[in-house]
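To start, the structure under review is shown below, and the notes come after it.
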Amino acid sequence: MLNVELKGGVVNQYEENITPAEIAKSIGMGLYKSVCAAKIDGEVCDLRTPLTKDCKVELLTFDDKDGKHAFWHTASHILAQAVKHLYPNAKCAIGPAVDNGFYYDFDVEKPFTREDLDKITAEMKKIVKSKIAIEKFELDPDEAVKLLEDMNEPYKVELCKEHSDKGEKISFYKQDDFTDLCAGPHLMDVSSVKAIALTNCTGAYWRGDAKNAQLCRVYGVAFPKASMLEAHLTMMEEAKKRDHNKLGRELELFTTVDYIGQGLPIMLPKGARVIQLLQRFVEDEEQKRGWLLTKTPFMAKSDLYKISGHWDHYKDGMFVLGDEEKDDEVYALRPMTCPFQYQAYLNRQRSYRDLPLRYNETSTLFRNEASGEMHGLIRVRQFTISEGHLMCTPEQLEGEFKNCLELAIFMLKTVGLYEDVSYRFSQWDPNDREKFIGTEEEWNTVQDMMGRILDHLEIPYEIGVGEAAFYGPKLDIQIKNVYGKEDTLITIQIDGLIAEKFGMEYVDKDGKKKNPYIIHRTSIGCYERTLALLIEKYAGAFPMWLAPTQVKILPIADRHFDYAYGVKAELEKHGMRVEIDDRSEKIGYKIREAQLEKVPYMFVVGDKDIENNAVSVRHRKEGDLGSMPLADFIVKAEAEIESKEIK
């Protein structure tokens, strides 16, 4: 008999090889029908997984993140089955669950239209009503490849051959006439997927490489109840109103141009001003905290990246200038600043007395992102980041890590994003050695150290296996956009490997030369991504200190212009950003226009204001604040700007 710990610490005894699905059924049919996946000793597993030793089992429903992913993964298989029913010649590529639903990539003769998606949705509903059971089976690699070749699924064959090198069994999931290569987990049958919506259809290159075939990617979402789908679709409609890719263009913050290139946004004056304000704020705060500013080149010879390891582990994500086979020297635009800032450290011999040594830089970086991954300002090919690298002794590591985290939290609280983030402890994957440098012992040492630091600081994190940088573990501060897609906003990394590669040393108290630990960190992350998130957070109505235009003066008639321009000059003396709407339009129209532009304050200037040497103030949210002396407004406004108040 096995001792199995369940929810609430209850320990039950079960026969060996019992599955989580059978445990759920033994507790009650209600639970069995709602369970989506299981965690066995903390690892997400399929409900069909036999238990072979004493363990802890968590039964995951749609309310759990991993349960939701299993549910949506099954929905993606139902989508693929429906497509194969309606379009038998379609070739299946990949169909994962994502943060806000699922997608599946198909190779088809022509992209699906909205009418096609409606037909596919109807077919999916037929499949769900049939209550087909989902079966899992495994094959030896050779058998798996042959099965997929017989099915005429070339993309699956390619994936299977890659995995077959490991010599492990290859898993499949079968639902009636549809079989798919898949690691799972999946539901026990299709009947729970009661509410489905196919939301979008786009092009996507196979494996994100423009040299490969362009596939048709179908996005969808599914829920156990129709009411949940309805609530989700309503939320998505609201999200569209805040989508930075739409709102940022309407507010003239940024634009893009096809013949410049994808992922290369043009910051218009208003957007450039917001980023400038953020950069100045960040650099000033970093200086207060002991960071030293550097300015390093945008490119370097491949020699630099070969020392750091980026050439071997990151070259596909870099813009390379030259041909290694033909040119004596090959350059690349920098994807990160770390190997450049190391040269500042190496500029002279270092002692333990020099440490910690903190370098920061407002860095412009270049990364060759896949076309299918780019979206507005969230993910771009050229971006600017608040980057920093800190060299320290082992004894200083925890304190300096804490300081980096405190800086990041201070930034998040100031801009109003702190309540929206979560934390991920990104670790290496010992089963994927090619992705990482260093030995298992070196990784375990640094990873255990970082785990102790995070636990000591009481950071509530999830673990992301395989998400570490190639040289060390990370604390990733994660945030979701309005559509629920998660991205990394800020990262703090511990690196115990690269210093030795560059010969970075310090003379310790005992006279011996040692390699410092390096902390890689950002304080507010990528400015373009931060701007996108702020647009969505505030629906374009930035806090006053960040607003590109803080006050808009609206003269009622031409005779009020001179007074209006005098008010503008006085506000500008106090450093405020002011515009005047001197068009020959009715005042109501001018007020509506200023409201749409999300300007914090509007001054309506008329005869009485001139007579009383005052201004009539309106706030974008609070409405009419009445007439007040200009000096009183300036005191109020300066306090709001200085405190960086969010209102």
| query | Within the distance-only criterion (no hydrogens, no angle test), does the side chain of Asp41 pair as donor or acceptor with the backbone N or O of Lys56 below 3.5 angstrom? | reply |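 Indeed, once roles are kept as given, a pair shorter than 3.5 Å links the two residues.
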| message | Whether the side chain of Ser426 engages the backbone of Pro473 through a donor-acceptor N/O pair (distance < 3.5 Å, no angle test) should be reported. | response |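 Judged by distance alone, no pair lies under 3.5 Å.
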| field | By ring-ring contact (aromatic ring centres under 6.0 Å, His included) - contacts of Phe542 (at least two apart) | value |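 For Phe542 there are no ring-ring contact (aromatic ring centres under 6.0 Å, His included) partners, ignoring immediate neighbours.
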| query | What pairs of residues pass the salt bridge (Lys or Arg N to Asp or Glu O under 4.0 Å) test when at least one of them lies in residues 450-459, not counting sequence neighbours? | reply |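 Found none.
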| said: My understanding is that only residues two or more places apart in sequence, or in another chain, count here; which of them pass side chain to side chain donor-acceptor pair (under 3.5 Å) with Trp206? | reply: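 If we apply the side chain to side chain donor-acceptor pair (under 3.5 Å) test to Trp206, skipping adjacent residues, the hits are Glu158.
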| task | Kindly write out the residues that satisfy side chain to side chain donor-acceptor pair (under 3.5 Å) with Asp46, not counting sequence neighbours, or none if the list is empty. | result |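 Partners of Asp46 under the side chain to side chain donor-acceptor pair (under 3.5 Å) test: Arg48, Tyr173.
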| request: Could you tell me how the ring of Tyr305 sits relative to the ring of Trp311: parallel (under 30°), tilted (30 to 60°) or perpendicular (over 60°)? | output: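 Judged by the thresholds at 30° and 60°, the geometry between Tyr305 and Trp311 is parallel.
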| field | Tyr314 and His310 aromatic ring geometry - parallel, tilted or perpendicular at 30°/60° bounds | value |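 Answer is perpendicular, since the angle exceeds 60°.
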Do [X] and [Y] meet the cation-pi criteria used here (NZ or CZ under 6.0 Å from the six-membered ring centre, within 45° of the axis)?
X      : Y      : value
Arg367 : Phe383 : no
Arg521 : Trp291 : yes
Arg217 : Tyr103 : yes

| task | Give a yes-or-no answer on whether the side chains of Gln343 and Tyr345 include a donor-acceptor pair shorter than 3.5 Å. | result |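 No - no donor-acceptor pair under 3.5 Å links their side chains.
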| said: For Asp66, give me all partners under salt bridge (Lys or Arg N to Asp or Glu O under 4.0 Å), at least two apart in sequence or on another chain. | reply: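 For Asp66, the residues satisfying salt bridge (Lys or Arg N to Asp or Glu O under 4.0 Å) (neighbours in sequence not counted) are Lys39.
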| task | Compare every heavy atom of Asp476 with every heavy atom of Gln478, then report the nearest pair and how far apart it is. | result |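 Taking every non-hydrogen atom into account, OE1-CB, 3.1 Å.
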| Which heavy atom of Ile519 sits nearest a heavy atom of Phe401, and at what distance? |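 Reported closest heavy-atom pair: CD1-N, 3.6 Å.
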| task | Run through Asp495, Leu497, Leu355, Ile494 and flag the one making a side-chain contact (heavy atoms from CB on, under 4.5 Å) with Tyr517. | result |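 It is Ile494, the one option of Asp495, Leu497, Leu355, Ile494 that forms the side-chain contact (heavy atoms from CB on, under 4.5 Å) with Tyr517.
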| query | Got a second to check how far Ile437's CD1 is from Phe470's CZ, nearest 0.5 Å? | reply |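 So the gap between those two atoms works out to 5.5 Å.
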Pairs under 3.5 angstrom only: tabulate donor-acceptor contacts from the side chains of residues 408-423 to other protein residues two or more places apart or in another chain.
from   : atom 1 : to     : atom 2 : distance (Å)
Thr414 : OG1    : Phe410 : O      : 2.7
Asp420 : OD2    : Lys537 : NZ     : 2.9

